[in-house]
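Below is one structure, written out as structure tokens; comments come after it.
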Protein chains: 2
Amino acid sequence: MKSERTIGRLSLYRRLLRELRVAGVGNVYSQELARMAGVSAAQVRRDLMAIGYSGSPARGYVVEALGESIGTFLDSPGGQAAALVGIGNLGRAVMAYFSGRRPRLAIVAAFDTDPYKVNRVIHGCRCYPAAELEQVVREHSVSVGIITVPATEAQGVADTLVRAGVSGILNFAPVPLRLPTGVYVEQIDMTMALEKVAFFARQR
Amino acid sequence: MKSERTIGRLSLYRRLLRELRVAGVGNVYSQELARMAGVSAAQVRRDLMAIGYSGSPARGYVVEALGESIGTFLDSPGGQAAALVGIGNLGRAVMAYFSGRRPRLAIVAAFDTDPYKVNRVIHGCRCYPAAELEQVVREHSVSVGIITVPATEAQGVADTLVRAGVSGILNFAPVPLRLPTGVYVEQIDMTMALEKVAFFARQR
DNA sequence: TAGATTGTTAATCGATTAACAATC
DNA sequence: TAGATTGTTAATCGATTAACAATC
């Protein structure tokens with residue numbers, strides 16, 4: 001099992017490699033990739049070693065092949081489906097953000113309790129009543145849940161998602177979720193992030 | 001200098017303490033707070049020790065006093081101003097999210113290059129043309145910048161913010177920023193977060 | 001070859017956890 | 001008091017960095 005951070009950095013490397021490819025760059029050294037990613041060159045080499053991709057002392061890493069190698073490692077061969085719960089400002093922004101970007105990892109359904117928000121398509125994503133969550137998630141074999149509901153409802157939504165078969169959750173609600181081991185949770189806490197920035201901005 | 005993580009957890013403890021206070025709870029033990037925050041009790045005790053707040057073996061920590069103590073530690077006495085750059089879907093969602101929440105840390109100005117988006121008020125926040133960024137940021141003594149522009153523009157915006165006197169940045173653009181030491185950057189990379197979730201969801 | 005880079009291990013660093021005397 | 005919790009240090013853990021032989 002690779003470490004969380006390694007996976008995060010691989011995701012970043014892939015994006016940077018895409019830029020290099022577009023710019024017509026064929027090869028890249030660990031040093032250059034490290035500079036772009038804001039990490040050390042040794043870190044890059046260790047991460048790439050971890051996925052079994054080898055470079056050469058003479059030419060470094062082959063941009064195209066490395067990008068594909070990371071893709072093979074990170075992506076599910078058959079693709080994965082995600083569902084979003086909570087069609088508020090943030091929910092819609094997240095839908096817009098991911099809309100059409102990653103064909104192998106698409107948000108296939110969104111849910112809300114507000115009857116005026118459901119039964120239509122937003123940013124290419126079908127919206128359902130929250131009551132249908134379990135059924136729809138099962139039908140689409142959704143493995144990833146995205147939570148953008150208020151803090152008070154987040155734990156309940158998470159429980160329902162897990163019951164429906166989801167095994168990974170991206171949680172934007174500012175509350176730690178308690179879920180069975182085996183379910184992976186990634187927390188994005190904007191309030192905490194902003195307060196950290198404010199605190200350290202003052203220290204300078 | 002406290003560690004980044006400690007500051008983040010303090011922000012979380014404060015929120016949890018607020019809930020306890022609303023619920024009418026007067027005292028709390030490290031164990032209970034730890035359970036709510038999803039960390040160990042020793043961690044909680046160490047964090048609280050770090051800000052010089054003491055509990056007692058008999059009654060644990062006093063909810064109200066501890067909350068205030070964390071506030072004194074985290075918040076700037078005179079308040080701090082933040083500015084947001086990039087009034088897209090995400091930018092508006094972020095404005096809505098922080099709107100009216102924290103009086104001591106308010107988003108006082110938003111910027112965009114699109115003339116149709118500026119010179120009005122969104123979620124209680126005044127919107128200016130990007131060309132006026134440096135001037136407005138200086139005038140309001142803004143110390144925190146929030147970047148919600150596309151990746152290609154993020155570095156340029158960050159440079160301008162820093163030139164205008166900002167010393168902390170919350171960056172939503174999926175690109176690592178290169179900035180002078182002394183400027184604190186907190187990165188929120190939704191794409192990376194989602195890809196991590198998808199990856200680990202598959203491992204279970 | 002000579003010089004630079006890769007793959008990989010050992011050393012370092014920092015944060016978390018465990019443990020326990022002091023305290024209520 | 002007895003029992004539980006706090007404050008605080010030592011032990012543990014994991015990740016990062018440094019270093020260097022192997023390679024091109």
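Within every chain, numbering begins at 1; the chains are lettered A, B, ... in the order of the sequence lines, protein sequences first and strands thereafter. What's counted below: heavy atoms across the whole structure, side chains too, no hydrogens, waters or symmetry copies.
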Open item on the list: Suppose we define a pair by two distances each less than 3.5 Å, Watson-Crick or G-U wobble; what does dC24(D) pair with here?
Closed with: dG3(C)
Task: Atom-to-atom span, CZ of R59(B) to P of dG7(D) - whole angstrom - done: 15 Å
Open item on the list: With a 3.5 Å limit on both atom pairs, tell me what dT12(D) is paired to, counting Watson-Crick and G-U wobble, or say none.
Closed with: dA15(C)
TODO: Verify the contact: side-chain N or O of R9(B) to OP1 or OP2 of dT16(C), cut-off strictly under 4.0 Å; return yes or no.
DONE: yes
Task: Carboxylate-amine/guanidinium contact D189(B) R15(A), below 4.0 Å - done: yes
Task: Whole-Å gap separating P (dA18(C)) and CZ (R45(B)) - done: 11 Å
Open item on the list: Does a side-chain N or O of R46(A) approach OP1 or OP2 of dA10(C) to a distance below 4.0 Å, or not?
Closed with: no
- [ ] Provide, to the nearest angstrom, the distance between the CD atom belonging to Q31(A) and the P atom belonging to dA18(D).
- [x] 13 Å
- [ ] Check every atom of dC24(D), dT5(C), dT5(D) against the side chain of Y29(B) and return the nucleotide holding the closest atom.
- [x] dT5(D)
Open item on the list: In whole Å, I'd like the distance from the CE atom of M49(A) to the C1' atom of dA15(D).
Closed with: 14 Å
Open item on the list: Could you tell me how far apart L66(B) (CG) and dG7(D) (P) are, to the nearest whole angstrom?
Closed with: 10 Å
Open item on the list: Rounded to whole Å, how long is the line connecting atom CD1 of I51(B) with atom P of dT8(D)?
Closed with: 14 Å
Task: First encountered from the 5' end of DNA chain D, between P57(A) and R5(A) - done: R5(A)
Open item on the list: What is the separation between atom OH on Y61(A) and atom C1' on dC24(D), rounded to the nearest whole Å?
Closed with: 13 Å
Open item on the list: Can you tell me which nucleotide in dT16(D), dA19(C), dC24(D) comes closest to the side chain of Q43(A)?
Closed with: dT16(D)
- [ ] Examine dT23(D): is either OP1 or OP2 under 4.0 Å from a nitrogen or oxygen in the side chain of S56(A)? Give yes or no.
- [x] no
Task: Side-chain ion pair, R14(A) and D75(A), N-O less than 4.0 Å - done: yes
Task: Whole-Å distance separating the CG atom of L48(A) from the P atom of dG7(C) - done: 8 Å
Task: Pair Y184(A)-E4(A), side-chain donor/acceptor within less than 3.5 Å - done: yes
Task: Side-chain donor/acceptor of Q187(B) to backbone N/O of A173(B), under 3.5 Å - done: yes
Open item on the list: Is the phosphate of dT16(D) approached by S40(A) (side-chain N or O, under 4.0 Å from OP1 or OP2)?
Closed with: no
- [ ] Go through dT6(D), dT17(C), dT16(D) for me and flag the one nearest to the A42(B) side chain.
- [x] dT17(C)
- [ ] Measure from the ring center of F199(B) to the ring center of F73(A) and say whether it is less than 6.0 Å.
- [x] yes
